[in-house]
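In what follows, a single structure is set out as structure tokens and then discussed.
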Amino acid sequence: MRVLIADIVTDEIPAGEKLPREADLAEKFGVSRGVARECIRAMEERGLISVKHGKGATVNGSDLWNMFDPDVVGGMLDSPRSVEILQSYIEARRIIEVEAAGLAAKRARKEDLEKMADALTRMEESVRRPNSSAAEDLFHEADVAFHQALFAATRNRPLGGLAEYIHAALLAARWPLARPQYRTERALPEHRAIYAAVAAGDVEAAKKAMTKHLKTIEGYLREHAASVNATNGAAA
């Protein structure tokens, strides 16, 4: 499925084109027809293709793709569209999370603050570990848990449900914007400032702290974009 997703998001198989038949996919990948059928069903669930009985599977345009699905996100991040998709997620976070921080400052309960504090502690502990993929995973999981706790503190269930989709996508998108070397001087102080403002019930300070944090991430995106452009220029 990931191979086919990669072919779709890079336009190797463009919108409107038909996928190979189940039997052909099974032969190409050395799997059973049942596995090929499940792959097609999974891609249809993600909005990548439309299946009509007797006519097979046709690739959909990107406007129908599930942009919160980690497999779709992962495929796009490995494509020339990585900067575009990351920019879209950061814009979505800015629209949602700044206001969420303000609501959390108004409504956070003791248990919400405890969960935010626990996630912050785990972020700090991961930074003290030797640099490794395991430490990276721990940091990102704790980072997502911090933001999930903040959304829970808004007491707005639809907002919290929307955040779940965004954060699942962000876990898939974490590597291009990971900057372990800056965590002690940027990531941790920024999260501490968000927590302190929410704990103090200071709405404007919470929104300001979240805005600053997201601007830092936007800076990482600009660095990533410059790196991608330089690589593409060298390849050309």
Linking I/L/V/M/F/W/Y whenever their side-chain heavy atoms sit closer than 4.5 Å, directly or via other members, would [X] and [Y] fall into one cluster?
{"X": "Ile85", "Y": "Leu64", "value": "no"}
{"X": "Val203", "Y": "Met210", "value": "no"}
{"X": "Val9", "Y": "Val3", "value": "yes"}
{"X": "Leu138", "Y": "Met116", "value": "no"}

Are the side chain of [X] and the backbone N or O of [Y] linked by a donor-acceptor pair below 3.5 Å?
{"X": "Lys208", "Y": "Ile194", "result": "no"}
{"X": "Trp65", "Y": "Val73", "result": "no"}
{"X": "Asp11", "Y": "Pro14", "result": "no"}

Minimum heavy-atom distance [X]-[Y], with the two atoms named:
{"X": "Ile96", "Y": "Leu159", "answer": "CG2-CD1, 3.6 Å"}
{"X": "Ala135", "Y": "Arg129", "answer": "CB-CB, 4.1 Å"}
{"X": "Val72", "Y": "Arg46", "answer": "CG2-CB, 4.1 Å"}
{"X": "Gly47", "Y": "Asn60", "answer": "O-ND2, 2.9 Å"}
{"X": "Leu4", "Y": "Cys39", "answer": "CD1-SG, 3.8 Å"}
{"X": "Ala42", "Y": "Met1", "answer": "CB-SD, 3.6 Å"}

Do [X] and [Y] make a side-chain contact, defined as non-hydrogen atoms from C-beta onward lying under 4.5 Å apart?
{"X": "Ile40", "Y": "Ile49", "value": "yes"}
{"X": "Lys18", "Y": "Val59", "value": "no"}
{"X": "Arg94", "Y": "Thr211", "value": "no"}
{"X": "Met76", "Y": "Ile5", "value": "no"}
{"X": "Phe151", "Y": "Leu162", "value": "no"}

Per-pair distances, 0.1 Å, donor-acceptor, side chain in residues 101-113, under 3.5 Å, sequence neighbours excluded:
unit_1	atom_1	unit_2	atom_2	d
Arg107	NH1	Thr154	O	2.8
Asp112	OD2	Arg109	N	2.9
Asp112	OD2	Arg155	NH1	2.5

Atom [atom1] in [X], atom [atom2] in [Y]: separation rounded to 0.5 Å?
{"X": "Ser126", "Y": "Arg183", "atom1": "OG", "atom2": "CZ", "result": "6.5 Å"}
{"X": "Tyr195", "Y": "Thr121", "atom1": "OH", "atom2": "OG1", "result": "8.5 Å"}
{"X": "Arg93", "Y": "Ile95", "atom1": "CZ", "atom2": "CD1", "result": "12.5 Å"}
{"X": "Leu120", "Y": "Glu125", "atom1": "CG", "atom2": "CD", "result": "10.0 Å"}
{"X": "Met43", "Y": "Asn66", "atom1": "CE", "atom2": "CG", "result": "13.0 Å"}
{"X": "Thr58", "Y": "Glu44", "atom1": "OG1", "atom2": "CD", "result": "10.5 Å"}

Please name all residues satisfying side chain to side chain donor-acceptor pair (under 3.5 Å) with Arg41, sequence neighbours left out, ordered by chain then number.
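Applying side chain to side chain donor-acceptor pair (under 3.5 Å) to Arg41 gives Glu38.
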Regarding Asp24 and Lys28, does a basic nitrogen lie under 4.0 Å from an acidic carboxylate oxygen?
no
Run Asp202 and Glu204 through side chain to side chain contact (heavy atoms under 4.5 Å, CB included) and show every step you take.
CA-CA 6 Å; Asp202 190 329; Glu204 291 307 314; 4.2 Å; yes
Is the number of heavy atoms from other residues, nucleotides or ligands under 6.0 Å of Glu27 CD greater than 12?
no
Donor-acceptor pairs under 3.5 angstrom involving side-chain atoms of residues 185-192: please list them, not counting sequence neighbours.
unit_1	atom_1	unit_2	atom_2	d
Glu190	OE1	His213	ND1	2.9
Glu190	OE2	Thr216	OG1	2.5
His191	ND1	Ala187	O	2.7
His191	NE2	Asp143	OD1	2.9
His191	NE2	His147	NE2	3.2
Arg192	NE	Glu124	OE2	3.0
Arg192	NH2	Glu124	OE2	3.3

Among Asp71, Asp7, Asp69, find the residue that satisfies the salt bridge (Lys or Arg N to Asp or Glu O under 4.0 Å) test when tested with Arg2.
Asp71
